[in-house]
Structures are given as C-alpha cells and as structure tokens.
K.L.:
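Below: one structure in structure tokens.
In what follows, chains carry the letters A, B, and so on, assigned in the order in which the sequence lines appear, proteins first and then strands, with residues in each chain numbered from 1.
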Amino acid sequence: MKLYNTLTRQLEDITPLDGKTIRMYSCGPTIYDHSHIGNMSSFIFTDTLRRVLTASGSSVQHIMNFTDVDDKTIKRAAGNYDEMEPMAALAKLTEKYERIFLTDMKAVGNDMAVITFTKATEHIADMQKLVQQLHKDGFAYVADDGVYFSIEAYKKSGKRYGQLADVTTGSTSEARIQNDEYDKESVHDFALWKTQKDGEPAWDFELDGHDLKGRPGWHIECSAMSSRELGQPFDIHTGGVDLIFPHHENEIAQSTAGQNDPIYAKVFAHNEHLMVDGKKMSKSLGNFYTIHDIQEKGLDPLAFRVLVLQAHYRGPANFSWVNLEAAQNRLQDLRALAALRWQPRAVAHDSGTEALEDIPAELANILADDLNTPQAMAYLSRVAAQLLAVHIEKDMVDHFETMLRGIDDLLGLNLSAVQDITDEQKELIAQREQARAKKDWQSSDKLRDQLAAQDVGLQDHPHGVIWFPLR
RNA sequence: GGCACGGUGGCCGAGGAGUUAGGCAAGGGUCUGCAAAACCCUGUACGCCGGUGCAAAUCCGGUCCGUGCCUCCA
C-alpha cells in the first residue's frame, strides 16, 4: 500500500524492511484519565492502517505502549491516593485507566488481540541502559535535576535534528527561554531522566558516580520500548500530529545518536486531530468527550468509528452530536446489509449481487491508496444500497458471509457479528405480514412497535420485508 | 513570529484541469392504511484576488480566515 511519510513529505510504497513482517510502533495513551474521543480516533486510524497492511499481504507486528509513569500520572496518583506509597498509588491509578482504555478500544472496534502492549514501568532497565549508552557516547549530560540530551552534541556528530519538523531554526519565543527552570545547557535539550522529587515514585539509577534515583523522561520511554520490541530500524511509527514535535523528533535523536544507521523508523505516519464543533477539544471549552459519553447518549461507539472513517486521517475530522447521529444512521444501514445474511430468499438474479467476494478486494484496493477510508465508505454505501434492493439468494449465503468478514477485516465495523433474530421475533414479523394482508393496521403497527422495542427494525421493500438490528 | 495542515452545496466529507463521489438532513413525487419503510427526482458547491491554459474548484502567485505544533497534549 501507499502511505504518506512525514519524514519525506510524500507517499511511499510500504514494503517490509526485512522482507516479511512490517514492524509498527504506535504511541499509546497516558493512562491517568479516561481517553477522550480524539485519542480514540487516533487509535482507530492505527487499527485501520494495520488491517489494510495485513490485507495487502504483509504480516504486521504491532506494538503500542502505555505511558504509565510521567508527570500527569504521578500527579494524579498522588492526588487520588495520597494515603498510599507513591509507587503503589501509581500502579493503582494506571491499572484502573488501562482497563477502561482497553474496554473503550474494543467498543470502537479496534482489534486488541493483535496488538502487543508494553508498559514504560516494565522497561525501566532498557531506558536506563539507553541513557547510559548515550552518556557514554557523549550525547547526554548530568544536571542537577536529571540527565539531558545534548542536541548540540548530536548535531556535531553529523546527524540532523529536525528531520520531521525543523522547529529549532524558527524563532522560538524568548519568554520560554527565560522562564525555563531547568538546569540544562540549551533550551532545546530535553530530559532523558529526572531525579526524584518528594513523594514521587522512583527507580534506583547510578550514572557516572551520580546517584540519580528517579524516573525516565517521556521520550526515552518510546525509544527504549520500540527498539526492545522491534529492533531498529523498524517500518512504521504512528501517532497524532501533536507528537511530531518534540516527541518523535526526540525519539529519532535518542535512537540514532551514536548509531551508524541514521534511520530510526522508515515511515512516520501521523493523523490529524479530531475537532469538536470546529474547535480543539479541551476541558475548559466543555467539549471534551469520552466513549462513555457516547454510550450514555444511547449512541453506538461503532458509529463513532464510522464518523472517523468517513474522514481522511490526514485531514481534521469534525465531531458533533449531529454528525454522530448521521454516522449512526449510516452504520444502521450497513447493519441492515449484514442482516441479509439471515434472510436470503429466491429472487430474480441481479448482476449486482454476483461477485460478492470481490467486494473486499475492491475495498482493499481503495484503502491501499494512503488509507482512503472516505472513498471506501462511499463504495460500501453503494454496495449496500445495491444489495438491499435485490436481497440475496440462499445459495449465496456463504459468499455473502465471506464478503462481510472481508469488510470487517478491513474496516472493523463488526458487521459479521450481526446475529439472527429469535424464532419468536420471526413469528412476530410473520404475524405482522398476515395482519397487513388482512389490512388490520392496528395490529400490524403494534407488532412493529413491539419489534422495535426489541431493537429489531423493519424495512418494507417491494419484494418483502427485511429486518435489521436497531443497535 | 516560525513551521505545518485545512477552507467544497443546510451539515459531514472525498475528488482534484473538461465527464463534477458518498453519507446525513431537506423539498417534491411514486407506492401505501400510514411512514418511522422502500423506490424515484431535485439542489450544480469548491474562501477572495490575480496569473497560466481552449478550459481552473483542480496548477501558479498573492491574500484573508480557521486549526495545530513551537519541550512532555492523539
């Protein structure tokens, strides 16, 4: 497939560096609170990318990290569980939000089984090793409050800082420099390791005779975990656009300093932000939503997936409740399509229903072009309209099922999970048809309402009634 | 201020020099006891100003607006 690479600012063919497996690392959540829908849209992008890469014939090794130690987690843990030891409080907090995160991820259709999750706190030794190596090679220095990476030294070694975004050459605000409280040599230097402050969780660390008991910096976490799990260079690094600088830039610097190979990850793929009512989500604006909020309004988290897939990952998508309802309607239509699997009938043959199994292939083809999910959704809607108009025949059920699974493999909409209704419900539909035949409208309407209350919707087509799941 | 990404019909959104997606909502119609069903039809849109083309929403230049990043936010 072709994918846009932030490093080169162009579309590139993705083929495994090792010829077999695409190794992909995604910056995961900081588990100090509920993930918001913006985070989720980013992970829907990542999940869909993995699906399409897989469909294009590569095996994919997908790593996602949990940032379970950083300023935010530490602060929140101390606030929530002030009676506990810092380390225990941190674990308690992050375990809670990890669970919620995994639940939300499943709810929006992301395939959790194929992701290997790594935690920062389980890779402290790897991080320390990397810091030690950087120090030994002259790229890190010890300051009062921790260990810093020297961008100066990195540049002097012949490497380029600013491969993703050349921020340092811009006019950085002087105010920032003056307000800087850290004891670092240059404003742009960043912390590799932070020494312990009162009440903070900390790990023993000795470097060059200094006792640096403390915790890792944010950027080093991803460098250490990615190289531990995937080696270096690996194929694709994903994240939201906000991570381009400084996070990913710093990862590149840390991971390539002193290395012969200047490549950390071959391709960086970044998704644009999800906007809410045209604005960036923030707690102060009161437009900060979670998957839980969507569920509370009686809307389906998978409708949120549809909303995300309707937009291209490199453009900003706009979330609003009206738009989510529109997406929910669209999802319902796709589920009506899926429900045909349980209600085949003999109808006049129609050319549109023939090559059912080619449909996922066409979908994959569309998606292989820089993950063009909006085009894919448009195609799917056309297919759905066509098939709903003609139904499917009994001998097509197997092909139809294969088609649904193929669509799900690519888009994660769980269409093949649409189950048959019960015999009782089928009986109610039959009774309604009889009532209609007898023009007993009162009874037929009552039966329709009764079915709707059981989340079974009805479409009266010229060639007969079709039921579909309302949720 | 620097850098980046956008501005498409009521809304969401692709596309990307001539044939002009898709969805949601709306209006009209057919069918119907009804429509909350189905089907048909309708809407000619691409911020603004220039330029290059036979031809521009699509390329180029400028400009305005929005959004993001500029040290730990997906």
K.L.:
What interatomic distance, in whole Å, is found between P of B/G62 and the corresponding atom of B/C70?
P.N.:
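The same atom, P, in both gives a distance of 27 Å.
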K.L.:
Between A/Asn323 and B/C12, does any side-chain N or O lie under 4.0 Å from OP1 or OP2?
P.N.:
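No, because none of the side-chain N or O atoms of A/Asn323 sits under 4.0 Å from OP1 or OP2 of B/C12.
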K.L.:
What residue pairs, at least two apart or across chains, pass salt bridge (charged side-chain N to carboxylate O under 4.0 Å, His left out) with a residue in residues 318-338 of chain A?
P.N.:
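Checked against salt bridge (charged side-chain N to carboxylate O under 4.0 Å, His left out) - neighbours excluded - the pairs reaching residues 318-338 of chain A are A/Asp300-A/Arg335.
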K.L.:
Should the heavy atoms of other residues, nucleotides or ligands under 6.0 Å from CD of A/Gln10 be counted, would the total exceed 12?
P.N.:
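Counting other residues, nucleotides and ligands, CD of A/Gln10 exceeds 12 neighbours.
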K.L.:
Choosing from B/G68, B/G15, B/C24, which nucleotide comes nearest the side chain of A/Ala326?
P.N.:
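Looking only at heavy atoms from C-beta outward on A/Ala326, the closest nucleotide is B/C24.
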K.L.:
Taking atom C1' in both B/U30 and B/G23, compute the distance separating them and give it to the nearest angstrom.
P.N.:
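Each nucleotide's C1' atom is 24 Å from the other's.
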K.L.:
Would you indicate what A/Met281 reaches in the nucleic acid, counting non-hydrogen atoms under 4.0 angstrom: base, sugar-phosphate, or nothing?
P.N.:
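A/Met281: base contact, heavy atoms under 4.0 Å.
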K.L.:
Quick one: which protein N/O atoms are closer than 3.5 Å to N/O atoms of nucleotides 17-21 of chain B? Pair and distance per line, please.
P.N.:
{"unit_1": "B/A21", "atom_1": "O2'", "unit_2": "A/Arg382", "atom_2": "NH2", "d": "3.2"}

K.L.:
Does A/Phe190 reach the side chain of A/Trp218, with side-chain heavy atoms less than 4.5 Å apart?
P.N.:
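Contact flag for A/Phe190/A/Trp218 side chains = no.
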K.L.:
Side-chain N or O of A/Asn318 less than 4.0 angstrom from OP1 or OP2 on B/C11?
P.N.:
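For B/C11, neither OP1 nor OP2 has a side-chain N or O of A/Asn318 closer than 4.0 Å.
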K.L.:
How would you label the contact of A/Met275 with the nucleic acid (heavy atoms, under 4.0 Å): base, sugar-phosphate, or nothing?
P.N.:
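Counting heavy atoms under 4.0 Å across all strands, the contact made by A/Met275 is with sugar-phosphate only.
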K.L.:
Of all residues at least two apart in sequence or in a different chain, which pass the side-chain hydrogen bond (donor to acceptor under 3.5 Å, both in side chains) check with A/His34?
P.N.:
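With neighbours one apart ignored, the set is empty.
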K.L.:
Given that A/Leu307 and A/Glu272 both sit by RNA chain B, which one's nearest nucleotide is further toward the 5' end?
P.N.:
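Nearest-nucleotide comparison on RNA chain B picks A/Glu272.
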K.L.:
Applying side-chain contact (heavy atoms from CB on, under 4.5 Å) to A/Arg382 and A/Gln386, what does each step give before you reach the verdict?
P.N.:
CA-CA 6 Å; A/Arg382 261 181 266 129; A/Gln386 221 171 27; over 6 Å; no
K.L.:
Give each protein N/O atom lying under 3.5 Å from an N/O atom of nucleotides 38-48 of chain B, with the pair distance.
P.N.:
{"unit_1": "B/A38", "atom_1": "O4'", "unit_2": "A/Asp460", "atom_2": "O", "d": "3.1"}

K.L.:
Under 6.0 Å between ring centres: does that hold for A/Tyr264 and A/Phe234?
P.N.:
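Yes, the ring of A/Tyr264 comes within the 6.0 Å limit of the ring of A/Phe234, centre to centre.
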K.L.:
In this structure, how many angstroms lie between the C1' atom of B/A74 and the CG atom of A/Asp33, rounded?
P.N.:
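These atoms are roughly 14 Å apart.
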K.L.:
From the list B/A36, B/A74, B/G22, which nucleotide is the closest neighbour of the side chain of A/Arg448?
P.N.:
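The nucleotide sitting nearest to the side chain is B/A36.
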K.L.:
Quick test of your reading of the model: are A/Asp235 and A/Arg23 salt-bridged, counting only N-O distances below 4.0 Å?
P.N.:
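Salt bridge present between A/Asp235 and A/Arg23.
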K.L.:
Starting from P on B/A37, measure out to CG on A/Leu458 and report it in whole angstrom.
P.N.:
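So the two atoms are 12 Å apart, to the nearest Å.
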K.L.:
For the C1' atoms, the ones on B/G1 and on B/U19, what distance do you get once it is rounded to whole angstrom?
P.N.:
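Looking at atom C1' only, B/G1 and B/U19 are 46 Å apart.
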K.L.:
According to side-chain hydrogen bond (donor to acceptor under 3.5 Å, both in side chains), who are the partners of A/Asn329, at least two apart in sequence or on a separate chain?
P.N.:
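If we apply the side-chain hydrogen bond (donor to acceptor under 3.5 Å, both in side chains) test to A/Asn329, skipping adjacent residues, there are no hits.
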K.L.:
Could you go over nucleotides 26-32 of chain B and give all protein N or O partners under 3.5 Å, atom names and distances?
P.N.:
none

K.L.:
Mind checking whether A/Pro201 and A/Arg215 have side chains closer than 4.5 Å, heavy atoms only?
P.N.:
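No. Closest side-chain heavy atoms not under 4.5 Å.
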K.L.:
Output all residues satisfying ring-ring contact (aromatic ring centres under 6.0 Å, His included) with A/Phe101, sequence neighbours left out; order by chain, then residue number.
P.N.:
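Checked A/Phe101 against ring-ring contact (aromatic ring centres under 6.0 Å, His included); matches are A/Phe43, A/Phe66.
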K.L.:
Kindly state each residue pair satisfying salt bridge (charged side-chain N to carboxylate O under 4.0 Å, His left out) with at least one member in residues 26-37 of chain A, sequence neighbours excluded.
P.N.:
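Applying salt bridge (charged side-chain N to carboxylate O under 4.0 Å, His left out) to every pair that reaches into residues 26-37 of chain A, excluding sequence neighbours, yields A/Asp33-A/Arg76, A/Asp33-A/Lys283.
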K.L.:
Side chain to side chain contact (heavy atoms under 4.5 Å, CB included) with A/His36: which residues, sequence neighbours excluded?
P.N.:
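If we apply the side chain to side chain contact (heavy atoms under 4.5 Å, CB included) test to A/His36, skipping adjacent residues, the hits are A/Asn39, A/Met281, A/Phe288.
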K.L.:
To the nearest Å, give me how far apart NZ (A/Lys280) and C1' (B/C70) are.
P.N.:
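After rounding, the reported distance stands at 12 Å.
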K.L.:
If I pick the P atom on B/C65 and the same atom on B/A57, what distance separates them, to the nearest angstrom?
P.N.:
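23 Å, rounded to whole Å.
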K.L.:
Going through the distances and angles, do A/Arg51 and A/Asp47 end up as a salt bridge (charged side-chain N to carboxylate O under 4.0 Å, His left out)?
P.N.:
CA-CA 6 Å; A/Arg51 289 169 185 275; A/Asp47 176 76; 2.6 Å; yes
K.L.:
Regarding A/Gly239, tell me which of base, sugar-phosphate or nothing describes its non-hydrogen contacts under 4.0 Å with the strands shown.
P.N.:
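Sugar-phosphate contact only - A/Gly239 comes under 4.0 Å of backbone atoms but never of a base.
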K.L.:
Nearest heavy atom decides the nucleotide; on that basis, is A/Glu325 or A/Tyr313 closer to the 5' end of RNA chain B?
P.N.:
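By nearest-heavy-atom nucleotide position, the 5'-most residue is A/Tyr313.
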K.L.:
Given B/A74, B/U67, B/C34, identify the nucleotide with an atom nearest to the side chain of A/Ser42.
P.N.:
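So the nucleotide nearest the side chain must be B/A74.
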K.L.:
Can you give the dot-bracket line for RNA chain B, using ( ) for pairs inside the strand, [ ] for pairs that cross earlier ones, | for pairs with another strand and . for unpaired bases, where Watson-Crick and G-U count if both distances are under 3.5 Å?
P.N.:
(((((((..(((.....[...))).(((((.......)))))....(((((..]....))))))))))))....
K.L.:
The criterion is side-chain hydrogen bond (donor to acceptor under 3.5 Å, both in side chains); which residues satisfy it with A/Arg314, sequence neighbours excluded?
P.N.:
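A/Asp370.
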K.L.:
Quantified in whole Å, what is the C1' atom distance between nucleotide B/G47 and nucleotide B/U67?
P.N.:
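Their C1' atoms lie roughly 15 Å apart.
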K.L.:
Using the C1' atoms only, state how far B/A38 lies from B/U32, rounded to an integer number of Å.
P.N.:
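After rounding to an integer number of Å, I get 10 Å for this pair.
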K.L.:
When only distance counts, do a donor and an acceptor, one from the side chain of A/Lys72 and one from the base of B/C73, lie under 3.5 Å apart?
P.N.:
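No such pair is found, so the answer is no.
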K.L.:
Extract all donor-acceptor atom pairs below 3.5 Å that involve side chains of residues 445-452 of chain A and protein atoms in other chains or at least two apart in sequence.
P.N.:
none

K.L.:
In terms of side-chain heavy atoms of A/Ser381, which of B/G33, B/G23, B/A74 is nearest?
P.N.:
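Per side-chain heavy atoms of A/Ser381, the pick is B/G23.
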K.L.:
Of the candidate nucleotides B/C34, B/G22, B/A14, which contains the atom at the shortest distance from the side chain of A/Ala311?
P.N.:
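Within the option list, the nearest is B/A14.
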